[in-house]
Participant: 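Below you'll find the structure I mean.
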Amino acid sequence: MLPFSEALKKIMEQCHALPVTTLPLNKLNGSVTAEAIKTILPLPRFDNSAVDGYGVKFADLNTATEETPVKLKIVGEIAAGQAADFELDQTGTALRIFTGARVPESVEAVVMREYCHENDGYVHIDCEVQKGANIRIHGAEFAQGAEVIKARTRITPPVVGLLATLGHANFAVHAKPKVSLVITGDELISPGLPLADSQIYDSNSFALEAALTDLGISECKKFYARDNREQTREAFRLAFLASDVVLSSGGVSVGDKDYVKEILEELSVETIFWRIAMKPGKPVFFGTYKKSGNHSRGLVFGLPGNPVSVLVTYHQLVKPALLSLMGLKEKTNQNQTMVLKGALKKKAGRLDFIRAKIQVNSDGVSAAIPSSKQDSHMMTGLTGADCLIHFDIDAEELHDGQKITSTPINWHG
Ligand code: AMP
Ligand code: MG
């Protein structure tokens, strides 16, 4: 069986950033920049005050002490958004100035209002100031034309803020993949409906939909198939027409009612692999299909049916692929070294991803505590987990206190 790292490599080889599209500011979060962000304006754009206070000449405050405050005549006021129409052209004068207001050239420092006392058109200041104090100099953060964010960077709320600061109403990003879900299983019924004997609620479609939403893919189409060839074929056929990526749930193992692999082959899917030496996730299928009206190929993942398996394989295999299609170059799922709390045993042959909770010890070392519910149908083993311990393919024992590799669980990226 294919080792996990080989499987991931084969998946990533099939992933190419989707074409560039332009989105408005309120749709950009979570997308990946298709070009570098350059400062089309210097930042700050003009000299402005960092505080509410009084603009002064440096020399006027030379003699200020608590016992002998300096008294300056207020010759004007500048608020945020107003033109800096006043200058300090005489000694002994000051300007009332507000946070964000333009600071005229003749002002050499702004004294915070808290250190001043105003009376009868004069301000009394009893402390010295540094030259340039509380003035945000234009271009101090970045000169005009500087590259501040590289192409292929994930857009986060501060990046949206930066784009808006620079005046971009929209920006070029890689398109997000259109994803469809094919949910198989005779036993499934939608949550909210009454359960008949032997039925269970479909949880995978909702869990996958939630995972996609966390990645910034807010819409996915769902196609349901009972465990027969016709419905499975029709569900995949429609999903292929609608999507860049198709994720199926269940029916991909070796049972008599597992039609996914057979139908995918029938639909001319190019099989890249079927089955991985990992647990959970052994039956995962991965292939590519011809997209309608398009030269590029779509990706199809046949994920297992067990609810924990579907989410673990999504996290470890599908999420990196989706981020790569979205244009992200950096590797996702960066592993960390932690210390195991407890002991584990297994048979050699598969890489086990053990659901675990991270606890940071008093010495700053992260310890991973395996969840007590490790079966692939036990969702609570995953709900309380924040990392996946790698129990290596050939290993049969892990000891308490041993160093281990683990992947922090992150649904966002
Ligand atoms: P399968 O791979 O189709 O044999 O499914 C494996 C296990 O996962 C079975 O116990 C199924 O009942 C369960 N399962 C399959 N699909 C879903 C689903 N959408 N929601 C919840 N459980 C499922
Ligand atoms: Mg099934």
Side-chain angles (χ1 to χ4, degrees), residues 1-2 4 7 179-214 217 220-236 238-239 243 245-267 269 271 273-287 300-319 350 352-353 355 371 373-385 411:
M1 249 187 301
L2 193 64
F4 168 78
V179 182
S180 290
L181 307 180
V182 170
I183 306 298
T184 73
D186 281 344
E187 71 280 33
L188 303 176
I189 185 160
S190 276
L193 298 177
L195 282 170
D197 268 356
S198 319
Q199 280 183 327
I200 61 164
Y201 288 122
D202 159 35
S203 64
N204 290 347
S205 76
F206 297 95
L208 283 173
E209 191 178 19
L212 292 168
T213 306
D214 263 3
I217 300 172
C220 70
K221 291 204 164 84
K222 296 181 183 180
F223 301 91
Y224 291 87
R226 296 186 69 80
D227 289 320
N228 62 57
R229 285 193 178 78
E230 294 67 36
Q231 287 199 15
T232 307
R233 188 184 302 110
E234 188 59 4
F236 275 112
L238 294 172
S243 350
V245 177
V246 175
L247 311 178
S248 68
S249 140
V252 73
S253 196
V254 292
D256 287 347
K257 292 270 189 179
D258 291 340
Y259 295 114
V260 167
K261 180 172 177 285
E262 181 185 322
I263 293 297
L264 289 177
E265 282 163 358
E266 237 179 80
L267 290 171
V269 164
T271 304
F273 62 76
W274 177 53
R275 311 226 286 174
I276 309 177
M278 70 184 277
K279 187 181 172 189
K282 182 164 113 182
V284 171
F285 175 98
F286 176 64
V300 52
F301 292 84
L303 303 180
N306 274 308
V308 173
S309 314
V310 89
L311 281 181
V312 170
T313 52
Y314 166 86
H315 189 273
Q316 299 298 84
L317 298 166
V318 180
K319 186 186 67 159
R350 288 205 271 164
D352 265 27
F353 288 107
R355 281 70 80 193
S371 147
K373 308 255 164 58
Q374 291 293 333
D375 284 348
S376 59
H377 61 285
M378 296 179 171
M379 195 58 116
T380 50
L382 189 57
T383 51
W411 302 107

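By convention here, the first residue in the shown sequence is residue 1. Numbering of ligands and ligand atoms starts at 1, following listing order.
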Participant: For a 4.5 angstrom cut-off between non-hydrogen side-chain atoms, does L181 reach L212?
Facilitator: yes
Participant: If we set the cut-off at 4.0 Å for heavy atoms, which region of I200 has an atom near ligand 1: side chain, backbone, both, or neither?
Facilitator: side chain
Participant: May I ask you to identify the nearest protein heavy atom to atom 10 (O) of ligand 1, giving residue, atom name and distance to one decimal place in Å?
Facilitator: N306 OD1, 4.1 Å
Participant: What atoms of ligand 1 come within less than 4.0 Å of a heavy atom belonging to Y201?
Facilitator: 20 (N), 21 (C)
Participant: State the atoms of ligand 1, each with its element, that fall below the 4.0 Å cut-off from a heavy-atom position in I183.
Facilitator: 19 (N)
Participant: For atom 17 (C) of ligand 1, what is the nearest protein heavy atom, given as residue, atom name and distance?
Facilitator: N204 ND2, 3.2 Å
Participant: Locate the shortest heavy-atom distance separating L193 from Y201; write the atom from each residue and the value.
Facilitator: O-OH, 2.7 Å
Participant: So for S253, does at least one of its heavy atoms come nearer than 4.0 angstrom to any atom of ligand 1?
Facilitator: no
Participant: Quick one: pull up CG in N204 and NZ in K222 and give me the separation to the nearest 0.5 Å.
Facilitator: 10.5 Å
Participant: Heavy-atom contacts with D202 under 4.0 Å: which atoms of ligand 1 show up? List them by number with element.
Facilitator: 18 (C), 19 (N), 20 (N)
Participant: Evaluate the side-chain proximity of M378 to R355: yes if any heavy-atom separation is below 4.5 Å, no if none is.
Facilitator: no
Participant: Please list, in number order, the atoms of ligand 1 under 4.0 Å from a heavy atom of S249.
Facilitator: 16 (N), 19 (N)
Participant: Can you name the closest pair of heavy atoms from T313 and P280 and give their distance?
Facilitator: CG2-O, 4.1 Å
Participant: Can you name the residues that form a ring-ring contact (aromatic ring centres under 6.0 Å, His included) with F286, not counting sequence neighbours?
Facilitator: F273, F301
Participant: Only heavy atoms of E187, strictly under 4.0 Å: list the atoms of ligand 1 that pass.
Facilitator: 11 (C), 12 (O), 15 (C)
Participant: Return the residue, atom name and 0.1 Å-rounded distance of the protein heavy atom closest to atom 4 (O) of ligand 1.
Facilitator: D258 OD1, 4.1 Å
Participant: Taking 4.0 angstrom as the limit and counting only heavy atoms of G250, give me the atoms of ligand 1 inside it, by number and element.
Facilitator: 2 (O), 3 (O)
Participant: Taking the side chain as C-beta and beyond, is there a heavy-atom pair between D258 and V252 under 4.5 Å?
Facilitator: no
Participant: May I ask you to establish whether K279 and F4 are in a cation-pi arrangement, using a distance under 6.0 Å from NZ or CZ to the six-membered ring centre and at most 45° from the ring axis?
Facilitator: no
Participant: How far is atom 21 (C) of ligand 1 from its nearest protein heavy atom, and which residue and atom is that?
Facilitator: S203 OG, 3.4 Å
Participant: Would you mind checking which non-hydrogen protein atom is closest to atom 13 (C) of ligand 1, with the distance to 0.1 Å?
Facilitator: G305 O, 3.7 Å
Participant: Are R229 and E262 within salt-bridge range, i.e. N to O under 4.0 Å?
Facilitator: yes
Participant: Can you find a non-hydrogen atom of G251 under 4.0 Å from ligand 1?
Facilitator: yes
